[in-house]
Amino acid sequence: MADDSSNDASIVAITSDEDDDSPIKKLFKKLMYNDCKQHTILTNNQILNLLKVEFDIDVYKLHNLQVDIYITLLKKYLKDWPLWEEFDSIVNEAKKANNLASLDGMLQSKYKHLKAHLQYALDISEPMAREEVLRLKNTQKVMSEVKEPHQAVVMEIDATRSQLNSLILRNSSLHSVFNVNRQKSTIVVPGIRKIETILNWWTINIEITYKHANMTRLLYKRETKHELKHCLINKMLPCNNKTEKIILNQDLYLKINKKSKLVDRNVLMALMNVIGNTHPDKESQEILEFIKKDNLLLPQILYCDAVYKRYMNTCAYVRYLYKDHEETVKDPQRDLQLEEKIFPMYKISIGDLIKRPVKLNNDSIKVECGMCKMTFTGPNLVSDLRNHFEDHCTEPDWICTCCNMTFPMLQLASQWWAHKCPKRKNKD
């Protein structure tokens with residue numbers, strides 16, 4: 001049976017011209033004579049027909065929720081029928097003998113078994129479906145009786161990073177709090193020259209691959225996986241004047257799989273030296289030196305085919321994104337700002353470090369800017385990155401949630417998102 005997770009389709013299509021056959025028998029015959037069953041599907045309408053013909057269920061007399069439950073259950077039970085493998089085996093043997101006509105008896109027995117299997121699904125779902133429908137009706141009744149229903153307000157913002165930095169019009173008396181006519185910044189900020197700063201910036205991924213047996217294999221991948229949390233707040237309210245102190249655990253988190261094997265960290269470092277000898281240019285060496293610093297934080301004995309994650313600082317950072325509107329009088333009751341919290345984290349994926357011939361090329365080292373969906377590689381990798389990041393230097397400052405000190409993003413990225421927090425030092 002083909003697996004399909006869409007809401008509108010699943011399993012197998014029924015396209016038989018035999019009107020006297022049941023939908024289940026049509027399904028069996030379709031599978032018997034169609035060698036491309038993975039390209040056929042069973043639509044929701046065909047499942048509704050199956051309910052009517054096989055089980056005499058008139059879906060037009062049922063609540064939509066109950067019908068949805070029946071469709072979902074039948075899709076699952078059709079796919080999980082325990083005799084599919086036996087059915088396929090018998091059909092394949094009959095095909096080899098060129099004698100599909102001999103399967104009439106088998107079809108009848110399998111028809112009865114599958115119909116009983118689906119009937120069981122309907123029997124156990126029917127009381128649950130009725131209960132869910134009753135609960136839904138009661139909820140709708142209560143909501144209709146409430147004169148002023150209290151509902152949670154949810155707002156989604158679809159914006160680029162540069163738009164987000166000044167999306168909210170602070171103290172605005174206009175009809176919208178959004179700065180729809182954003183002015184371009186006139187501040188000229190020098191480009192980032194330090195490669196460590198660039199590699200610690202937003203959504204930057206470093207990937208090193210190699211060729212073996214005409215296949216591209218992962219050797220190492222480092223991703224900045226900073227977690228972000230946004231909230232629209234009024235800073236004039238007492239509850240929003242104090243920054244929530246957030247303490248992060250800097251322990252190294254490890255995720256392994258069945259293929260993961262233990263290996264000495266020196267093996268990874270040795271492979272980095274091999275890559276350095278293959279890419280002797282200064283620009284590749286700068287990236288490799290950055291990776292080696294990260295690797296020193298890994299355990300001496302590590303897993304290959306595994307993922308390591310770690311918060312880069314014990315404290316989270318926060319900042320407020322808005323644009324002052326000069327034409328309006330400040331209204332304390334409408335001082336809206338977009339609060340952005342960041343939990344700086346990086347993730348390292350260690351590939352297969354088993355010793356084998358390693359073939360490298362100019363594309364072995366890649367750096368991706370996730371904000372712009374751009375990938376940099378080749379002999380001009382670092383210089384291209386520096387030129388690109390001249391447009392990424394206007395980020396607003398961050399505030400430590402523990403000590404309330406303010407830091408430019410340029411400084412935090414150059415310091416691997418860590419700083420000596422005096423309040424945390426006193427507590428420690």
Output every pair passing salt bridge (charged side-chain N to carboxylate O under 4.0 Å, His left out) with a member in residues 292-311, not counting sequence neighbours, ordered by first then second residue. Glu196-Lys293, Arg222-Asp294, Glu289-Lys292

Checking His226 now: which residues fulfil ring pair (Phe, Tyr, Trp, His ring centres under 6.0 Å) with it, not counting sequence neighbours? Trp417

Among all residues two or more places apart in sequence or in another chain, which pass the salt bridge (Lys or Arg N to Asp or Glu O under 4.0 Å) test with Glu93? none

The criterion is ring pair (Phe, Tyr, Trp, His ring centres under 6.0 Å); which residues satisfy it with Tyr311, sequence neighbours excluded? none

Can you list everything that forms a side chain to side chain donor-acceptor pair (under 3.5 Å) with His63? Sequence neighbours excluded, please. none

Considering only distance and modelled atom types, tabulate donor-acceptor pairs under 3.5 Å from the side chains of residues 262-269, sequence neighbours left out.
residue, atom, partner, partner atom, Å
Asp264, OD1, Asn266, N, 2.8
Asp264, OD1, Asn266, ND2, 3.2
Asp264, OD1, Gln300, NE2, 3.0
Arg265, NH1, Leu296, O, 3.3
Arg265, NH1, Leu298, O, 2.7
Arg265, NH2, Gln300, OE1, 3.0

Tell me whether the guanidinium CZ or amine NZ of Lys25 lies under 6.0 angstrom from the six-membered ring centre of Tyr111 and within 45° of its axis. yes

How would you list, by chain and number, every residue that makes a salt bridge (Lys or Arg N to Asp or Glu O under 4.0 Å) with Lys115, sequence neighbours excluded? Glu54

Contacts of type salt bridge (Lys or Arg N to Asp or Glu O under 4.0 Å), residue Arg319, not counting sequence neighbours: Glu340, Glu395

Partner residues of Tyr77 under the ring pair (Phe, Tyr, Trp, His ring centres under 6.0 Å) criterion, sequence neighbours left out: His117

Can you name the residues that form a side chain to side chain donor-acceptor pair (under 3.5 Å) with Lys341, not counting sequence neighbours? Glu244

Test of understanding: with salt bridge (Lys or Arg N to Asp or Glu O under 4.0 Å), list the residues that count as partners of Glu131, not counting sequence neighbours. Arg135

Between Asp80 and Lys76 (salt bridge meaning N to carboxylate O under 4.0 Å), is one present in this structure? yes

Going by the rule ring pair (Phe, Tyr, Trp, His ring centres under 6.0 Å), which residues pair with Tyr322 if we only count those two or more places apart in sequence or in a different chain? none

